[in-house]
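Read the structure below first, then the notes.
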Amino acid sequence: MSIATTNPATGQVLKTYAPMSDEQVDVAIEGADLAFRQLHGTTVAQRGRWLTAAADLLEAERDETARMMTLEMGKTYAAARAEVTKCATACRFYAANAERMLADEPADAGAVKAKRAFVRHQPIGPVLAVMPWNFPLWQVMRFAAPALMAGNTGLLKHASNVPQTALYLEDLFRRAGFPEGAFTTLLVGSEAVDRILSDPRVRAATLTGSEPAGRSIAQIAGRELKKTVLELGGSDPFVVMPSADLDKAAEVATTARCQNNGQSCIAAKRFIVHADVFDAFAGKFAARMSALTVGDPMDGGTDVGPLASDRGRAEVHAQVQDAADNGATILCGGELPAGDGWFYPPTVVTDLRPGMRMWAEEVFGPVAGLYRASSYEEAIEIANGTSFGLGSNAWTTDPAEQERFATDLDAGSVFINGMTTSFPELPFGGVKNSGYGRELSAVGMREFCNTKTVWIGEGEAGVGAGAHAE
């Protein structure tokens, strides 16, 4: 297997790394276990000071860290800088709010015949994080910041094409003051995950990635009776109704589809437009997509950089060609550009039908599928007619429709008149084949906590409580 930084804009290998041996992995797991015992004994306030120091480092090193990410996976430099800033914001959010999120929650002592009763949230131990390359800093941080603040330790198995970012994260938390071993990067391939997650010292796992990867992690964790949180793929709907501001919807649709060069699980991918405004929206959308500049991601004038791998680009093009070969219409893009690098043009495809790959599959590149709906009911049917359920968008100024979309869209989040994104303040995750569990907010922090019931009586068993009662 190869662990290497390869510049997607040129195809040039910049750095290679030797995978860790089984012995090195064992040392890392032991270090995470020892660090957990140390971290568990620290206060939330102390961990908050360390996480704030991590935020300070991220902000001080934003430009060089952003350049590293751009060279590793091809996102535009501007997007990479924004990602670093978002990570620092998340660190500050959890540093400021973790004490409240982890505070004991009093229960009605009288109702449970106790002198005192409450719920306490405590860390569970080392957590394995299996992370993807598309947001190489943010995907990790949205797990790491709440997990470390809760008192857990992290073992990171990052994607093999972003090793520099992975090593930077380990170094970041160490320099911020967290104990040695509190957050460790494992330079290993996917074949090592089974052995790592099977280790009794590793208490849980979180994965952001593909559906097959999620199934694999869930199978191992199920065998070992360990908790998992899975954030998998998405084919998010973007529904446009007649009352929508079409210019604004087309503008946001373009950004939503091409953010991160189209490589985002929560990017809008299926654009479902009411027949009354379909032609007007399609024209505006295709014009905006065609006007985007594709090129060097380090250039400030570039809107869309390269895809992260040659294999990924080939898969995207194959999906577009399958649609075209089976009767779909390509409104713009759809052609492989000549020259070095793994670039692909912003593309809009319409006249899609069941049986085409784009109808059922996630397209991980700057390619939009455009669908016509004759009514609200048909729009919902198309939107929910997928195995995925991560994010969703709806554009309407009708308050009644807004309420209906909030209820009827089968997804982990619904964004109305705005682009789907993630915030530290709000839970993030999906339903159906997009996974389960949540990241971010207090909900995400508590995913890897023991939610412990504490019942305190007057020194004798509560009245009516049986020794074997449940």
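Just so you know, residue 1 is the first one in the sequence shown, and it goes up from there.
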| note | Only residue of P306, P136, P297, S309 satisfying side chain to side chain contact (heavy atoms under 4.5 Å, CB included) with M73 is P136
| said: Below 30° counts as parallel, above 60° as perpendicular, anything between as tilted: where do the rings of F415 and F423 land? | reply: parallel
| message | Does the plane of the ring in F173 sit parallel, tilted or perpendicular to the ring in F178? Use 30° and 60° as the thresholds. | response | perpendicular
Does [X] use its side chain to pair, donor to acceptor, with the backbone of [Y] at less than 3.5 Å?
| X | Y | value |
| --- | --- | --- |
| D171 | L167 | no |
| R67 | A80 | no |
| D22 | A192 | no |
| R311 | A308 | no |
| Q24 | S21 | yes |
| K269 | V363 | no |
| N261 | G305 | yes |
| N260 | K75 | no |
| R446 | H121 | no |
| R270 | S235 | yes |

For [X] and [Y], does a side-chain donor sit closer than 3.5 Å to a side-chain acceptor?
| X | Y | answer |
| --- | --- | --- |
| R92 | T52 | no |
| N393 | T420 | yes |
| Q12 | N7 | no |
| Q164 | T5 | yes |
| T185 | Y168 | no |
| S198 | D194 | yes |

| note | Output for pair (L197 CG, L128 CG), nearest 0.5 Å, gives 6.0 Å
Ion pair check, [X] and [Y], cut-off under 4.0 Å:
| X | Y | result |
| --- | --- | --- |
| E447 | K227 | yes |
| D199 | R195 | no |
| E231 | R142 | yes |
| E211 | K432 | no |

| task | Begin from the C-alpha positions of R357 and D322 and carry the test salt bridge (Lys or Arg N to Asp or Glu O under 4.0 Å) through to its verdict. | result | CA-CA 7 Å; R357 291 184 61 189; D322 169 78; 5.4 Å; no
[X] and [Y]: which non-hydrogen atoms are nearest, and at how many Å?
| X | Y | value |
| --- | --- | --- |
| S434 | L390 | OG-N, 3.3 Å |
| T165 | E72 | OG1-OE1, 2.7 Å |
| F388 | G233 | CD2-O, 3.4 Å |
| G11 | T6 | O-CG2, 3.6 Å |
| A411 | V431 | CA-CG2, 3.9 Å |
| Q263 | F135 | O-CE1, 4.0 Å |

| More than 12 heavy atoms of other residues, nucleotides or ligands under 6.0 Å from CD of E403: is that the case? | no
| request: Report the residue from E439, Q139, K86 that forms a side chain to side chain donor-acceptor pair (under 3.5 Å) with S422. | output: K86
May I ask you to test the [X]-[Y] pair for a side-chain heavy-atom distance under 4.5 Å?
| X | Y | result |
| --- | --- | --- |
| W50 | T42 | yes |
| Q321 | V316 | no |
| P163 | I3 | yes |
| I29 | V202 | yes |

| said: Under the criterion salt bridge (Lys or Arg N to Asp or Glu O under 4.0 Å), I'd like the reasoning laid out for R175 against E61: C-alpha separation, chi angles, the key distance, then a yes or no. | reply: CA-CA 13 Å; R175 287 185 292 134; E61 299 164 358; 2.6 Å; yes
| query | Regarding K452 and the six-membered ring of F118, is the cationic atom NZ or CZ under 6.0 Å from the ring centre and inside 45° of its axis? | reply | no
